Structure formats: structure tokens, C-alpha cells
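Since the structure comes first, as C-alpha cells, the remarks are kept for the end.
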Amino acid sequence: LRRHLVRADGGDVHIVPGVSFIEHGRGDVMRGEELQILGAAATGLCPPDAIVCHPGTHAKWARLRGGTMTGFRTVMTGELFALLRGQGILAPQLQGEAEPDADFAAGVARALRSGDLTADLFSVRAGALLGLRSRDATSHVSGLLIGADIRTGLDFAGAGDIVLIGEERLTALYAASLAIAGRKTSIVDGERAFIAGAHALLEIQP
């Protein structure tokens, strides 16, 4: 990354190029999260050998070995939730805030064992029409989506404890979900990781 920095307008502003990954014919890209992930590893905020999850609009799951990123996978969880909340038949049921409550846990558990996300999402609508669940399903749908996310991420990343990097509210939801999956987690603040990455990239002493 340091070798491929682009200096903007000849000044002190640099553009970080991001990273790409191809495995078994599947392509993936990352732009921004790599600075946080590698910065956390370089400064000891997370171990050099780790599974890192960066929740967000496009959640990232990365494998670190010896402080080097050896592969990653992106899951469009946050964007899907925003689309469901903004339009479509589930939008009226997604007006609350997601909380790590019993409805959320039920959604996570369902997604971890079923793998039928699109059918499970429609059942949320049917359940409201048939009086099987409350009208607000924000926590349950969030649990379904995050549960499917971590199922994909764990299949990709394999065994080991997981470091969550990001915003406090999102990392708390992922930590609760991973606990249901029986996985241990630690949490690193995303802003702190970003600053650590910027310092490490430019070899600046904080």
C-alpha cells in the first residue's frame, strides 16, 4: 500500500489505493477497511494472526497471518437492510431500532441453521399478516441478515477468535450474534484503528 500511494496535487494529501482479492474465480475489492485492519494489526490492537470482521454497509471478513491480509470476503448486509427498510413490503415493519433482544437472537439462530434467507424474510411479512408476530420486526430482520452474514464469514474464515473493528453499535450486534454461534470476540474502535493505520502507512509516530 505504501508503494502505491498516490500524492494528490503534489501536496501532503495521499490516496490509498485499496486492495483486491481473487480466489476460485471469485473477485472481491476493499477500499478503506484495509487501512483499519492492517493498522490494528501493525500496532497491536489485534493479533497478527486473526480473523477480522468489519461490519458496515458492506461487511468485510478478513484472514490475517503474520500481520498480512491473506484473503477477504464481502457481504452486503448493511446495504440490504437499508434497501429493505426503505422500500418493499417489509419497510413498514422496519421502522424501529435493532436491539440484541430475544427477537434478534431468534433471527440470528434461524439464519445460522437454515440458510434460507430470502424465504425467512418473506415469512416476516406473512407472520405479521397472520398474527404470529408483532408489526415491528426490525430486530428480527436485523438478526436474520447478520446471522446470514456471519454464517458466510465463518465459512470463509474458519476457526479462531474474531476481532471486530468498527462503530460501537454495529460491533455490539455482531458480538451478540457471534456469541450465539459460539465464537469469542474482541472489539476495536474503528476510528482508533483508522488513525493507527494512517500512522503505520506513513511511518508517523503518533
Side-chain angles (χ1 to χ4, degrees), residues 16 18-21 26-37 51-62 72-129 133-157 162-181 185 187-191 193-194:
V16 182
V19 295
S20 61
F21 177 60
R26 178 193 295 273
D28 214 325
V29 294
M30 183 185 298
R31 188 181 64 180
E33 296 91 349
E34 76 286 345
L35 194 62
Q36 293 173 286
I37 294 170
I51 300 166
V52 179
C53 174
H54 191 298
T57 303
H58 302 143
K60 305 290 184 181
W61 290 82
F72 62 91
R73 189 82 179 269
T74 303
V75 190
M76 292 177 59
T77 305
E79 182 170 349
L80 287 174
F81 183 78
L83 289 169
L84 290 170
R85 190 170 190 153
Q87 56 189 329
I89 62 170
L90 292 184
Q93 295 174 252
L94 303 178
Q95 299 307 305
E97 291 295 328
E99 301 290 345
D101 54 18
D103 282 344
F104 178 84
V108 171
R110 173 71 184 174
L112 287 173
R113 68 175 180 265
S114 77
D116 299 323
L117 178 61
T118 52
D120 289 336
L121 287 171
F122 186 80
S123 74
V124 172
R125 170 63 172 167
L129 292 174
R133 64 167 50 256
S134 65
R135 283 286 174 178
D136 185 78
T138 307
S139 292
H140 187 72
V141 168
S142 178
L144 286 172
L145 291 169
I146 293 177
D149 182 328
I150 67 173
R151 179 175 174 156
T152 298
L154 295 179
D155 284 347
F156 169 77
I162 296 161
V163 179
L164 293 164
I165 299 178
E167 182 268 328
E168 181 179 3
R169 182 172 178 81
L170 265 181
T171 54
L173 290 174
Y174 274 71
S177 301
L178 286 159
I180 294 170
T185 59
I187 296 176
V188 175
D189 176 71
E191 183 175 354
F194 174 80

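The analysis underlying the following values was restricted to heavy atoms, covering all of them including side chains, and did not include hydrogens, waters or symmetry mates. Remember, it's a predicted structure, so these values are computed and weren't measured experimentally.
Distance alone, capped at 3.5 Å, is enough to place a donor-acceptor pair between the R169 side chain and the A98 backbone. Side chain of D136 to main chain of G96: a donor-acceptor pair is present (N/O by atom type, distance under 3.5 Å, no hydrogens or angles). Using modelled atom types, no side-chain atom of S142 and backbone atom of S139 make a donor-acceptor pair closer than 3.5 Å.
Counting only heavy atoms from C-beta outward, the side chains of F72 and V19 approach each other to under 4.5 Å. In this structure, L154 and I162 have side chains that are in contact, with non-hydrogen atoms separated by less than 4.5 Å. Side-chain contact check for I150 versus I180: every heavy-atom pair is 4.5 Å or farther apart. E34 is not listed as a side-chain neighbour of I37, based on a closest heavy-atom distance of 4.5 Å or more.
The shortest heavy-atom contact between R85 and E97 is NH2-OE2, 4.0 Å. In plain terms, the two heavy atoms of W61 and G153 that are nearest each other are CD2-CA, 3.4 Å. Nearest heavy-atom pair, C53 versus P55, reported as atom, atom and distance to 0.1 Å: O-CD, 3.4 Å. Scanning all heavy atoms of the two residues, the minimum distance from D149 to T77 falls at OD2-OG1, 2.6 Å. Residue L173 comes nearest to I146 through the heavy atom pair CB-CD1, 4.0 Å, listed as atom of the first residue, atom of the second, then distance. Nearest heavy-atom pair across L144 and L117 is O-CD1, 3.8 Å.
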Does the side chain to side chain contact (heavy atoms under 4.5 Å, CB included) test come out yes or no for L84 and L145, once each step is laid out? CA-CA 11 Å; L84 290 170; L145 291 169; 4.2 Å; yes
Pair R26-R73, side chain to side chain contact (heavy atoms under 4.5 Å, CB included): steps then yes or no: CA-CA 10 Å; R26 178 193 295 273; R73 189 82 179 269; 3.0 Å; yes
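Atom CD of Q95 has more than 12 neighbouring heavy atoms from other residues, nucleotides or ligands inside a 6.0 Å radius. Atom CZ of F194 is surrounded by 12 or fewer heavy atoms from other residues, nucleotides or ligands within 6.0 Å.
No side-chain donor-acceptor contact under 3.5 Å links D116 and S114.
Scanning for side chain to side chain donor-acceptor pair (under 3.5 Å) contacts around R31 gives an empty result, with sequence neighbours left out. The salt bridge (Lys or Arg N to Asp or Glu O under 4.0 Å) test applied to D103 returns no partner, not counting sequence neighbours.
To the nearest 0.5 angstrom, D155 atom CG is 6.5 Å from R151 atom CZ. Atom-to-atom distance recorded for I165:CD1 and E191:CD is 13.5 Å, nearest 0.5 angstrom. Between the OG1 atom of T74 and the CG atom of D28 there is a distance of 3.5 Å, given to the nearest 0.5 Å. Distance check: E79 CD to H58 NE2 gives 3.5 Å after rounding to the nearest 0.5 Å.
Under the 30°/60° scheme for interplanar angles, the aromatic rings of F156 and F21 are found to stand perpendicular.
H54 pairs in a side-chain hydrogen bond (donor to acceptor under 3.5 Å, both in side chains) with only one of the listed residues (E167, Q36, K60), which is Q36.
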